[in-house]
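Okay, so here's the structure we're looking at.
Computed from heavy atoms alone, side chains included, the values below leave out hydrogens, waters and symmetry copies. Letters A, B, ... mirror the listed sequences (proteins, then strands); counts begin at 1.
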Amino acid sequence: MTTPAASADATSPPATGPTTPASAPGPHSAPARTPGAARAVLKAEVRLFRREPGSLFWVLAFPTVLLVVLGSVPSFREAQDDLGGIRLVDAYVPVTVLLSMIMAGVQAMPPVITGYRERGILRRMSATPVRPTAVLGAQMGLHGAAALGSALLSLAVGRAVFDVPLPRQIFGYAVALVLAVASALALGALVSALSRTSKAATAVGSAVFFPMMFSAGVWLPVQAMPDTLAQVVEALPFGAAAEALNQAASGDWPGPAHLGVLVLWTAVLTTAAARWFRWE
Amino acid sequence: MPPPIIEVRDLRKVYGGRAVVDGVTFAVEQGEIFGVLGPNGAGKTTTVECVEGLRVPDVGAVRVAGLDPVADHAQVTRVLGAQLQESELQPKLTVREALELYAAFYTRPADWRPLAERLGLTDKLNTRFAKLSGGQKQRLFIALALIGSPRVVVLDELTTGLDPRARRDTWQLIEEVRDSGVTVLLVTHFMEEAQRLCDRIAVIDRGRVAALDTPAGLIGRSAGSTVISFTPSVPLTPADLAALPRLSSATEKDGRLTLNGTDATVDALLTLLARHRITAHQLRVTEATLDDAFLDLTTTSTPTPTPTEDHPTARSEGHPGGHAPTGGHPPTDSHDPTDAPAPTRPGHHGAPA
């Protein structure tokens, strides 16, 4: 059973793009739209996000903490021949960057959105001039922003503490980052769509979480993986993202194949999420 | 007379092959408190969700201030404020934040400060939603329903789960809302609430409007609109009782007799008692409550024992026999007997009005 007004909008939350929360409201509220409504929703959701110490830690702090812990191991700071002469700590910066996205998109966001549906918060909003897509947009925007902030923190700490060079192809790196965040949020949206309760969302999120962490190279950076495994992993969103980030870090424009994989995953996951998402 | 603010015509909504709402028609006039009363599962909530534009009717038409709640959803949400059954807010959102947030949804919102004061929420403004009591949550939901300065509010099972004091406070608030010029559509399964608050009531049973009238009109329709209870000094014989005119039911418990009938029943009973020189101890003659009318109008989940000519007193549990002649009732019903008003009935009969 979908909310009628909302079901007409069902394609819009992910379709408008996870990184553009302000444009989330659907077509129904077009006449005499309240300009401050989407902003008020975003403001409220940001406040609520700040009241979740768990999410704050895992999304904003944990990836950088992991980088610092790994970087403190002396052998991680020695150049490795099988990594093409770079140090493990260099290889782990993009890994922790991706880890922040996986934490935000797949671990933190789905239980929130599913909980909002479970508690009838989205339904209650359907009875106001504001479409509940505004909440989904705000959630995606804010988790996306938190992931990017955490990624920048990893880069800054890597540079300041471990002398990890900043990405040389900045623009290419930014493109890869944004596409990676988009695919993480799309994956999270699909988890929210498929989970009936926030408990289920946490469970499904965790089930998805570990393969995604593996493909991002948390246990073994993608550069260090055997060729066959690397090929498989590069077909997954975070494997492709890891390769794209590495290329941009070393000064090349990210390979179109990697960016293409990210775009394709984002499109497929977004379509699936819009197809199966229920408002109640 | 201004046109009705809500019109529902031949509304029908089917889920899984079952018509949850099956041809409901009613109109709510401006400025009234209109009740939608019925057992659980009767289709009350589905009906008002069609009014709120949260569901699309399969058949029929709904108009709120002349607008279609589905096609003109955005405009309808500016005219109609809603409190939904079993909906919550973000657990860590404070009362103040909720009021500010919902005020931002409307182009011309009410000032939330006086609203919060009127609803007794001023000292709870910094309390998170999850920490509020049931009554406080409901008061906040009333505030949120009113914050867009609507012309009509829909309140669905507002007082379910509240303690008697909070319930009475909430009733007073609803009356104040109506007195401020807002039309109220009230969904409830509490008889007392409907009788106390509503100007008119649509009794919905199994997806249909079983009756639509004022509370007094509904009670008057009931076959046993007058309740007589007393403890006779000498037991009356079944034959005596059977001879009473317009008697719709008679029950006996611990020597105390409760009769449902009309004024004619009372007259005949007094004559009978005088003739047999029977004293009626603790005699009470009261008007029936909406409970009685409601039970007459709606189907029950248990088969009703058919009263026999010989032993009307044999029935110990009080279902007025008003519709007994219509024959046996199917024992299947979605309605939950624990929420049926039956347990409250003896109290009404025994107490002087």
Side-chain angles (χ1 to χ4, degrees), chain A residues 1-9 25-56 111-113 115-135 138-139 198 279-280, chain B residues 13 15-16 20 46 48-58 68-94 96-109 128-130 140-141 144-145 147-148 150 153-154 156:
Chain A
M1 293 184 280
T2 48
T3 308
S7 64
D9 288 357
H28 277 294
S29 8
R33 144 143 300 281
T34 321
R39 209 180 314 128
V41 170
L42 181 61
K43 191 175 150 195
E45 294 302 323
V46 169
R47 268 181 182 157
L48 292 168
F49 181 70
R50 283 164 49 197
R51 288 173 195 165
E52 296 298 337
S55 289
L56 286 175
V112 178
I113 292 179
Y116 282 8
R117 174 179 50 211
E118 202 181 352
R119 293 166 183 275
I121 293 165
L122 300 179
R123 254 174 85 63
R124 177 62 188 85
M125 203 163 273
S126 304
T128 73
V130 176
R131 305 289 82 241
T133 46
V135 187
Q139 278 293 323
S198 58
W279 295 97
E280 51 189 274
Chain B
K13 184 78 190 165
Y15 287 117
V20 175
T46 308
V48 298
E49 284 178 343
C50 289
V51 171
E52 292 160 337
L54 297 177
R55 296 192 189 283
V56 187
D58 292 333
D68 180 334
V70 176
D72 312 315
H73 188 69
Q75 283 121 298
V76 167
T77 57
R78 294 187 178 92
V79 180
L80 181 146
Q83 171 262 326
L84 307 183
Q85 193 179 356
E86 286 171 12
S87 93
E88 292 181 42
L89 293 176
Q90 292 90 325
K92 294 188 180 177
L93 198 66
T94 67
R96 180 201 304 275
E97 287 160 1
L99 291 165
E100 284 175 346
L101 175 64
Y102 276 72
F105 293 174
Y106 297 89
T107 36
R108 276 184 301 279
R128 292 178 179 186
F129 178 79
L140 177 56
F141 282 127
L144 296 184
I147 206 156
V153 288
V154 179
D156 190 355

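A salt bridge is absent between B:Glu86 and A:Arg123; no separation between the charged side-chain nitrogens and carboxylate oxygens falls under 4.0 Å.
Taking every heavy atom of both residues into account, B:Leu89 and A:Ile121 meet most closely at C-CD1, 3.4 Å. Closest approach of B:Tyr106 and A:Ala127 over heavy atoms only: OH-O, 4.3 Å. Of all the heavy atoms in B:Leu54 and A:Ser126, the pair that sits closest is CD2-CB, 3.5 Å. Contact record, A:Leu48 with B:Leu93: CD2-N, 3.5 Å, taken as the closest heavy-atom pair.
For B:Ile147, no part sits under 4.5 Å from any heavy atom of chain A, backbone or side chain. Proximity to chain A is absent for every atom of B:Gln85, based on heavy atoms less than 4.5 angstrom apart. Using a 4.5 Å cut-off between heavy atoms, A:Val112 does not touch chain B at all. Proximity to chain B (any heavy atom under 4.5 Å) is shown, for A:Glu118, by neither the backbone nor the side chain.
By the salt bridge (charged side-chain N to carboxylate O under 4.0 Å, His left out) test, A:Glu52 pairs with B:Lys92, sequence neighbours left out. Residues satisfying the salt bridge (charged side-chain N to carboxylate O under 4.0 Å, His left out) criterion with B:Glu52, sequence neighbours excluded, are absent altogether.
Rounding to the nearest 0.5 Å places CZ of A:Arg124 at 7.5 Å from CZ of B:Phe141. Summarising the geometry, atom OG1 belonging to A:Thr128 is positioned 7.5 Å from atom NE2 belonging to B:His73; distances are rounded to the nearest 0.5 Å. From A:Met125, atom CE reaches atom CG of B:Leu84 across 11.5 Å, with rounding to the nearest 0.5 Å.
Of the listed residues (B:Pro91, B:Gly81, B:Gly148, B:Pro69), the greatest number of heavy-atom pairs within a distance under 4.5 Å of chain A belongs to B:Pro91.
Within 6.0 Å of CZ on A:Arg50 lie no more than 12 heavy atoms contributed by other residues, nucleotides or ligands.
Using a 4.5 Å cut-off on side-chain heavy atoms (C-beta onward), B:Thr94 and A:Arg47 make no contact. In this structure, the side chains of B:Tyr102 and A:Val130 stay at 4.5 Å or more apart for every pair of heavy atoms.
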